[in-house]
Amino acid sequence: MSKKLRLGAFLPGAGQHLAAWRHPDAASDTVFDFEHYKRLAQTAERGLFDAYFLADGLSINFGGDDAGRRDRSTYFEPVTLFSALSTVTKHIGFIATASTSYEDPYLLARKFASLDHLSAGRAGWNVVTSTDDATARNFSRPQQAAAAERYDRAEEFVDVVTELWDSWEDDAFTRDKASGQFFDPAKLHPPHHKGKHFQVDGALNVSRPPQGYPVIVQAGQSEPGLNLAARTAEVVFTAQQSLEDAQAFYRDLKGRLSKFGRTADQLKIMPGVSVYVAPTEAEAQAKLQQLNDLIHPQAGLALLAGLSGGVDLSAYPLDGPFPELPKTVGWVSRQQMMVDIARKHGFSIRQLYQWVATARGHWTIVGTPAQVVDQLQAWFENEAADGFNILPPVLPGSLDDFVDLVIPELQRRGLFRTEYEGKTLRENLGLARPENRHAVRERERKVA
């Protein structure tokens, strides 16, 4: 088969599971140890992953009081980390999260263009709008802006950033020592942008990125988020729990592309999946149970509070039935999701937070390599996914397991590459390099 699935690796600190840092083999003391991340990046590259992905936040908000029992309070700024990792890898891409609510278009465009140059074309930008008030308070704002305002700003933000990446045509820098001309002024295009949210006059002081634009990624699933993705994104990370839900999301989002003059192959949809794999199913199940047994109740309750707008469940018995929740403005849909999951499975509070903790709301697969690949293949071949964002439960061990056990089975079935196809992240993802808009206009003018 010619079509190959794509793989991203989400590799934070100790791992994806809520209690990963408490696991005996977890790298819980290496949050700021570059050698730890170097090992992860090189292992993912050995597994021929398309990209190393990192989420990011701008506060230490956990959604509830957990008495310091959770691990994601401090971590590297991802572009800085990826700049360093690009020097010890050759092929794997680097997708860093940055917020349109708290960044500035010029600074962000400059930062990601620099990463693309330093990595020789392996950068990607995960566009987020940020959602929590704790972050707002770190940026001189009493609370987060409403979703409609955040996405309105995000729409213009992405447009300004791509304008800035097109400041210079690809061949603008002549560097002609004989004539003394360093660049061709006719191929310099300051954006002179004046919009609702931003005014950006001058050109970017970094030449056009090797990929034209770093790959644009998005993960939002709200209606404005889906429209932003359909217009601008080239990769979408999503969270789905069933084949049917994943198919509905896939077809909905792909179906929106034509409205913006785009085709289905211009967007890769990659659901998140946390994989517990071992030679036998019993061993894989034991790995999951070991982690669930390590969840401290306060951390579990804080996790549920973070999904429900701060609802405190500590007054209810952990092993009793899941209670009705008071409605919290702005969180009704997520609260209802929690209630629906609990009712569907008959979960107690403890069972619910254990279920959520395995992958923070993403799909979870537990089994042998063949069982894991059976499920990945079913989604890939039935319009549910173009690939997957793999979320190893514990690091580094779970990443080693995936590379050593799952990748060979994917390759045996012809579902995954046996070597990198190109040199840039775009080439490996099968995405076209965008032409400079000014060069296109000039060519069209000449033809006309």
Side-chain angles (χ1 to χ4, degrees), residues 56 79 95-117 123-131 145-170 172 187-237 253 256-263 266-268 425-426 431-444:
D56 192 35
V79 173
I95 299 174
T97 297
S99 173
T100 59
S101 297
Y102 300 105
E103 297 260 6
D104 178 89
Y106 195 95
L107 292 175
L108 185 143
R110 186 172 187 243
K111 180 165 57 177
F112 278 85
S114 296
L115 177 59
D116 207 45
H117 279 286
W125 169 32
N126 180 39
V127 181
V128 300
T129 67
S130 301
T131 59
E149 181 181 343
R150 295 200 313 274
Y151 276 100
D152 187 57
R153 175 185 166 98
E155 292 274 359
E156 185 181 345
F157 194 113
V158 174
D159 289 344
V160 176
V161 168
T162 59
E163 283 186 80
L164 285 163
W165 286 334
D166 278 341
S167 294
W168 303 90
E169 294 184 38
D170 291 318
K187 297 187 176 184
L188 168 62
H189 306 279
H192 303 308
H193 177 92
K194 292 185 178 180
K196 178 179 177 181
H197 299 279
F198 305 107
Q199 295 186 28
V200 181
D201 188 52
L204 194 65
N205 59 354
V206 180
S207 61
R208 195 162 193 255
Q211 296 185 99
Y213 306 160
V215 175
I216 297 177
V217 182
Q218 220 233 327
Q221 296 190 176
S222 65
E223 188 63 21
L226 292 174
N227 284 327
L228 177 64
R231 187 175 73 85
T232 66
E234 297 167 295
V235 175
V236 167
F237 294 146
L253 185 51
R256 296 174 190 238
L257 295 175
S258 61
K259 176 182 176 181
F260 301 102
R262 304 182 69 198
T263 58
Q266 292 178 296
L267 175 66
K268 309 298 180 184
L425 177 57
R426 283 186 174 281
L431 296 169
R433 185 181 188 272
E435 290 189 83
N436 183 289
R437 70 191 70 190
H438 304 287
V440 171
R441 289 170 189 163
E442 180 61 17
R443 183 174 68 244
E444 291 174 347

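All values reported here derive from a predicted model rather than from experimental measurement. All values below come from the heavy atoms of this structure, side chains included, with hydrogens, waters and symmetry mates left out.
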With no hydrogens and no angle check, just 3.5 Å: does a side-chain donor-acceptor pair link [X] and [Y]?
X    : Y    : answer
D116 : Q211 : yes
H197 : D152 : yes
T129 : T100 : no
Y151 : N227 : no
T97  : N126 : yes

| said: Quick check on side chain to side chain contact (heavy atoms under 4.5 Å, CB included): which of D159, L226, L257 does R231 satisfy it with? | reply: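 By the side chain to side chain contact (heavy atoms under 4.5 Å, CB included) criterion, R231 pairs with just one of D159, L226, L257: D159.
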Report yes if some heavy atom in the side chain of [X] is under 4.5 Å from a heavy atom in the side chain of [Y]; otherwise report no.
X    : Y    : result
L425 : I95  : yes
F198 : R153 : yes
V158 : V127 : yes
T263 : Q266 : yes
R426 : P214 : no
T232 : Q218 : no

| Thinking salt bridges, do E435 and R441 make one under a 4.0 Å N-O criterion? |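 Looking at E435 and R441, the cut-off is not met.
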| Which word best sums up how the rings of H189 and H438 line up, parallel for under 30°, tilted for 30 to 60°, or perpendicular for over 60°? |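 Aromatic pair H189/H438 classed parallel.
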| said: Students often mix this up, so state it plainly: with edges at 30° and 60°, are the rings of W125 and F112 parallel, tilted or perpendicular? | reply: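 Taking F112 first and then W125, their aromatic rings sit tilted (interplane angle of 30° to 60°).
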| Atom pair CG (L107) and CG (L164), whose distance is rounded to the nearest 0.5 Å |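 Between L107 CG and L164 CG, I get 10.0 Å after rounding to 0.5 Å.
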